[in-house]
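Encoded as structure tokens, the structure appears first; notes follow it.
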2 protein chains.
Amino acid sequence: MIEVMARAATTSDVFNAIAEPQRRDILALLRAGERPVTELAQELGMTQPGASKHLRVLREVGLVRDRKAGKQRLYGLDARGLRPVHEWTGGFERFWNESFDRLDAYVQDLKQTRQEE
Amino acid sequence: MIEVMARAATTSDVFNAIAEPQRRDILALLRAGERPVTELAQELGMTQPGASKHLRVLREVGLVRDRKAGKQRLYGLDARGLRPVHEWTGGFERFWNESFDRLDAYVQDLKQTRQEE
DNA sequence: TTGACGCATGCCGATATGGGCATATGATTG
DNA sequence: CAATCATATGCCCATATCGGCATGCGTCAA
């Protein structure tokens, strides 16, 4: 299975899975509790097949869990997978507090950082 | 320009831009300071054109800045765009601390949440 | 001016996406 | 069993991806 790489699959990664706005919307909505597919679709203004497909991706990366409830299938949040993303971005916290207003300062700062290596 | 949507462009969003592992590597490396393209490519084991392309994406979403330095072009980090991602994931913090060890507990919890609506 | 170097861009190929739509699959009820 | 409701899938299309490779373009040195 030698795959001639193109863009990584949405299911390859939590980062890829949440790159899609609608999937982020689903996750956000699920914070309020379990929801059956159709309800999700309605509340977010997407078609049922559309919702199902996004839920599939979310399920495959483990951000969502489902359980049967009679005729329905309830989807619930499992946010643990978001933690790595939060931590990764957190590693840049000290950088987004820097002032970039003046290019001068920016350049100075970088030069300095570079010298400290 | 009616675009029959496919997967969103990598430049449409910071979320999409950082969905690519190599781009995350670039950002991480840039925390140590500015770097010319070739150096980045070498240190991360990618081709020069490859690095340039990823840097282009990062530049377009504003995660990176560049400035000419003679023959070279130095790229530097501008992490401010990562903040929204950090905050978005942070909105799920209380959820990833929940215990999912026993499915029972999980189901109980969701049932309860649902009733509280 | 001519090279050489550093980087950006263009083109190609293989792949996967997300939307729309139809339909298959499952479970429930009468 | 048949009809119905809830979901999942399959297929098609247009698009953009990422990698590889060649090449264009700007800058600096001899």
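Proteins get letters first, then strands, A, B, ... in listed order; numbering begins at 1 in each.
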Below 4.0 Å: OP1/OP2 of [N] and any side-chain N or O of [X]:
X: A:Y75; N: D:dA6; answer: no
X: B:R56; N: C:dT9; answer: yes
X: B:H54; N: D:dG19; answer: yes
X: B:T38; N: C:dC5; answer: no
X: A:R59; N: D:dA8; answer: yes

Using atom [atom1] of [X] as one end and atom [atom2] of [N] as the other, report the distance to the nearest whole Å.
X: B:R7; N: D:dA16; atom1: CZ; atom2: C1'; value: 9 Å
X: B:L74; N: C:dC7; atom1: CG; atom2: P; value: 8 Å
X: B:E60; N: D:dT17; atom1: CD; atom2: C1'; value: 14 Å
X: A:M46; N: C:dT17; atom1: CE; atom2: P; value: 17 Å
X: A:L44; N: C:dG19; atom1: CG; atom2: C1'; value: 16 Å
X: A:Q72; N: D:dA8; atom1: CD; atom2: P; value: 11 Å
X: A:L40; N: D:dT7; atom1: CG; atom2: P; value: 9 Å
X: B:K71; N: D:dT27; atom1: NZ; atom2: C1'; value: 7 Å

Under a 3.5 Å threshold, yes or no: a donor from one side chain and an acceptor from the other, between [X] and [Y]?
X: A:R23; Y: A:N16; result: no
X: A:R67; Y: A:Y75; result: no
X: A:Q42; Y: A:T38; result: no

Look at the side chain of B:Q48 against the base of C:dA8 and say whether a donor-acceptor pair falls under 3.5 Å; ignore hydrogens and angles.
-> yes
Which nucleotide in [options] has an atom nearest any side-chain atom of [X]:
X: B:P49; options: D:dA22, C:dG6, C:dC21; value: D:dA22
X: A:R73; options: C:dT28, D:dC28, D:dT7; value: D:dT7
X: A:K53; options: C:dG19, D:dG26, C:dT17; value: C:dG19

In residues 9-26 of chain B, what residues come within less than 4.0 Å of DNA chain C, judged by heavy atoms?
-> none
Need one value for [X]: base, sugar-phosphate or nothing, where a base atom within 4.0 Å counts as base even if backbone is also close, heavy atoms only.
X: A:K68; result: sugar-phosphate
X: A:G50; result: nothing
X: A:S52; result: base

Shortest non-hydrogen contact between A:L27 and B:W88, atoms and distance = CD1-CH2, 3.8 Å
B:V61 and B:L30: same hydrophobic cluster, using ILVMFWY side-chain contacts below 4.5 Å?
-> yes
State yes or no: do A:V57 and A:L82 share one hydrophobic cluster built from I, L, V, M, F, W and Y residues joined by side-chain heavy-atom distances below 4.5 Å, directly or via other members?
-> no
Apply salt bridge (charged side-chain N to carboxylate O under 4.0 Å, His left out) to A:R35 and A:E43, showing your working.
-> CA-CA 10 Å; A:R35 287 276 189 301; A:E43 299 192 40; 3.1 Å; yes
Stepwise, does the salt bridge (charged side-chain N to carboxylate O under 4.0 Å, His left out) test hold for B:R24 with A:D13?
-> CA-CA 13 Å; B:R24 291 200 295 277; A:D13 207 55; 3.6 Å; yes
